[in-house]
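Report on the structure given below.
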Amino acid sequence: MTIIIQQPQLEVEAKEISCETNELVLDGGFAMPKLESHGGFESPDINSFGHSFRDYDAESERQKTVEEFYRQNHINQTYDFVKKMREKYGKLDKLEMSIWECCELLNEVVDDSDPDLDEPQIEHLLQTAEAIRKDNPTEDWLHLTALIHDLGKVLLLPSFGGLPQWAVVGDTFPLGCAFDESIVHHKYFKDNPDTYNPAYNTKNGVYQEGCGLDNVVMSWGHDDYMYLVAKENGTTLPSAALFIIRYHSFYPLHRAGAYTHLMNEEDKENLNWLKIFNKYDLYSKSKVRIDVEKVKPYYLSLIEKYFPAKLKW
């Protein structure tokens, strides 16, 4: 099945709606933070810890945990390490289960790299999906993409090898070329052996301009793993969905504009959807709880539409 999707118009972030309140309640009981006068999702100013979103310098115990995470991540994520991880986990020989079963597994996961959230990941998945659903009601593929985008974090669990946090979560970046200074806590790359490898420490490294991100080795984590799971299990989601899943943590690209010289035309088109998605992925994190059972039937119908009943993981 081929899914045809129109390119989003980035200069128009939301549809006009009439409202008398700055709070919307979705099917799951999730209250949107606030509405602009023209309607649509507006980013809140602070996260659940009282700090600005993605503020990696704010003084708190949470921030100390995050910085230590990135120190380990930047030292250990190397070109050779990623090649080994892709070969190992690309076999998809850990478990067989449905998408929803994997969503429930994520209740056991808390992401140490995230300065904005310390709740179980299933809460974040549904917050993101429901926020997108409210503003983009006809793009059901995007609702499902939001639900599943972080499922690769099951790599943290013992049944998936119990990988350390630095090998599963956090911002992603290319290996095999120079580490761009826009990468958060860039200073810790001084202890990464790839920094001193002449094959890897130039702008292009082992790549050619315009080669396409599909040919670029990214730091290993939940993004790349979930992309492999979806692709190898024959999902019928459009290419924009797979792009979002694979690169939603690639903040140096979609926030700082780094590494664009490696993109091809399809990447540039899909990046428009990723930028829309990221607004919800980042800013819908909230302490508000969602009625999972109420929204579950809708997401089960999307899973049935775009995925087989059981997947290899």
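For the numbers below, each heavy atom of this structure counts, side chains included, while hydrogens, waters and symmetry mates do not. Please read all numbers here as calculations on a predicted model, not as lab measurements.
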Notebook entry, point to check: Thinking salt bridges, do R71 and D191 make one under a 4.0 Å N-O criterion?
Noted result: no
Check: Taking 4.0 angstrom as the limit, do E67 and K64 come out as a salt bridge?
Finding: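 No, E67 and K64 are not salt-bridged.
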So does [Y] get a backbone contact from the side chain of [X], meaning a donor-acceptor N/O pair under 3.5 Å?
{"X": "D267", "Y": "L213", "answer": "yes"}
{"X": "H186", "Y": "S182", "answer": "no"}
{"X": "D291", "Y": "K294", "answer": "yes"}
{"X": "D140", "Y": "L302", "answer": "no"}
{"X": "H254", "Y": "H248", "answer": "yes"}
{"X": "Q165", "Y": "N73", "answer": "no"}
{"X": "D281", "Y": "F277", "answer": "no"}
{"X": "Y196", "Y": "K190", "answer": "yes"}

Heavy-atom neighbours of [X] [atom1] exceed 12 at 6.0 Å:
{"X": "E104", "atom1": "CD", "result": "yes"}
{"X": "E181", "atom1": "CD", "result": "no"}
{"X": "K83", "atom1": "NZ", "result": "no"}

Pair [X]-[Y], side-chain donor/acceptor within less than 3.5 Å:
{"X": "D135", "Y": "Y280", "result": "yes"}
{"X": "T78", "Y": "D80", "result": "no"}
{"X": "E68", "Y": "Y188", "result": "no"}
{"X": "T172", "Y": "D223", "result": "no"}
{"X": "D224", "Y": "Y89", "result": "no"}

Notebook entry, point to check: Any chance the rings of F189 and F173 have centres within less than 6.0 Å?
Noted result: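 Under 6.0 Å, so yes.
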Note to self: Quick check on the 6.0 Å ring-centre criterion: do H74 and F179 meet it?
What the structure shows: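 No, they do not, as the ring centres are separated by 6.0 Å or more.
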Next item on the list: Evaluate the salt bridge (charged side-chain N to carboxylate O under 4.0 Å, His left out) criterion for residues R133 and E130: first the C-alpha distance (whole Å), next the side-chain angles of each, then the deciding distance (0.1 Å), finally the verdict.
Entry: CA-CA 5 Å; R133 181 183 171 193; E130 286 289 273; 2.9 Å; yes
To the closest 0.5 Å, what do you measure between [atom1] ([X]) and [atom2] ([Y])?
{"X": "L311", "Y": "E232", "atom1": "CG", "atom2": "CD", "result": "11.5 Å"}
{"X": "L163", "Y": "W220", "atom1": "CG", "atom2": "CH2", "result": "8.0 Å"}
{"X": "I245", "Y": "K231", "atom1": "CD1", "atom2": "NZ", "result": "12.5 Å"}
{"X": "E209", "Y": "N264", "atom1": "CD", "atom2": "CG", "result": "13.0 Å"}
{"X": "I75", "Y": "D194", "atom1": "CD1", "atom2": "CG", "result": "12.5 Å"}
{"X": "K310", "Y": "E96", "atom1": "NZ", "atom2": "CD", "result": "8.5 Å"}

Looking at [X] and [Y], what are the two nearest heavy atoms and their distance?
{"X": "L262", "Y": "Q208", "result": "CD2-O, 4.0 Å"}
{"X": "A129", "Y": "H143", "result": "CB-O, 3.6 Å"}
{"X": "Y259", "Y": "C177", "result": "CE2-SG, 3.9 Å"}
{"X": "V82", "Y": "S219", "result": "CG2-CA, 3.9 Å"}
{"X": "P252", "Y": "I183", "result": "CG-CG1, 3.7 Å"}
{"X": "H222", "Y": "G152", "result": "CB-C, 3.2 Å"}

Notebook entry, point to check: How are the rings of W313 and Y225 set relative to one another: parallel (under 30°), tilted (30 to 60°) or perpendicular (over 60°)?
Noted result: tilted
Next item on the list: Look at the aromatic rings of W273 and W141 and report parallel, tilted or perpendicular, splitting at 30° and 60°.
Entry: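 Plane angle over 60°, so perpendicular.
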Next item on the list: Run the numbers on T195 and N201 for side-chain contact (heavy atoms from CB on, under 4.5 Å), then give the verdict.
Entry: CA-CA 6 Å; T195 298; N201 63 12; 5.7 Å; no
Note to self: Go through it in stages, so that I can follow the logic: the residues are H261 and Y207, the test is side-chain contact (heavy atoms from CB on, under 4.5 Å), and I'd like the CA-CA distance, side-chain angles, deciding distance and then a yes or no.
What the structure shows: CA-CA 10 Å; H261 62 288; Y207 311 111; over 6 Å; no
Is there a side-chain contact between [X] and [Y], using heavy atoms and a 4.5 Å cut-off?
{"X": "L105", "Y": "M97", "value": "yes"}
{"X": "M218", "Y": "Y247", "value": "yes"}
{"X": "E266", "Y": "S239", "value": "yes"}
{"X": "L237", "Y": "I148", "value": "yes"}

Margin query: Working note: V154 + K94, criterion side-chain contact (heavy atoms from CB on, under 4.5 Å); need CA distance, chi angles, decisive distance, verdict.
Written below: CA-CA 11 Å; V154 293; K94 301 303 178 186; over 6 Å; no
Item checked: Steps toward side-chain contact (heavy atoms from CB on, under 4.5 Å) verdict (E139, I132) -> CA-CA 9 Å; E139 307 289 354; I132 288 177; over 6 Å; no
Item checked: Co-membership, hydrophobic cluster, residues F250 and V206, 4.5 Å side-chain -> yes
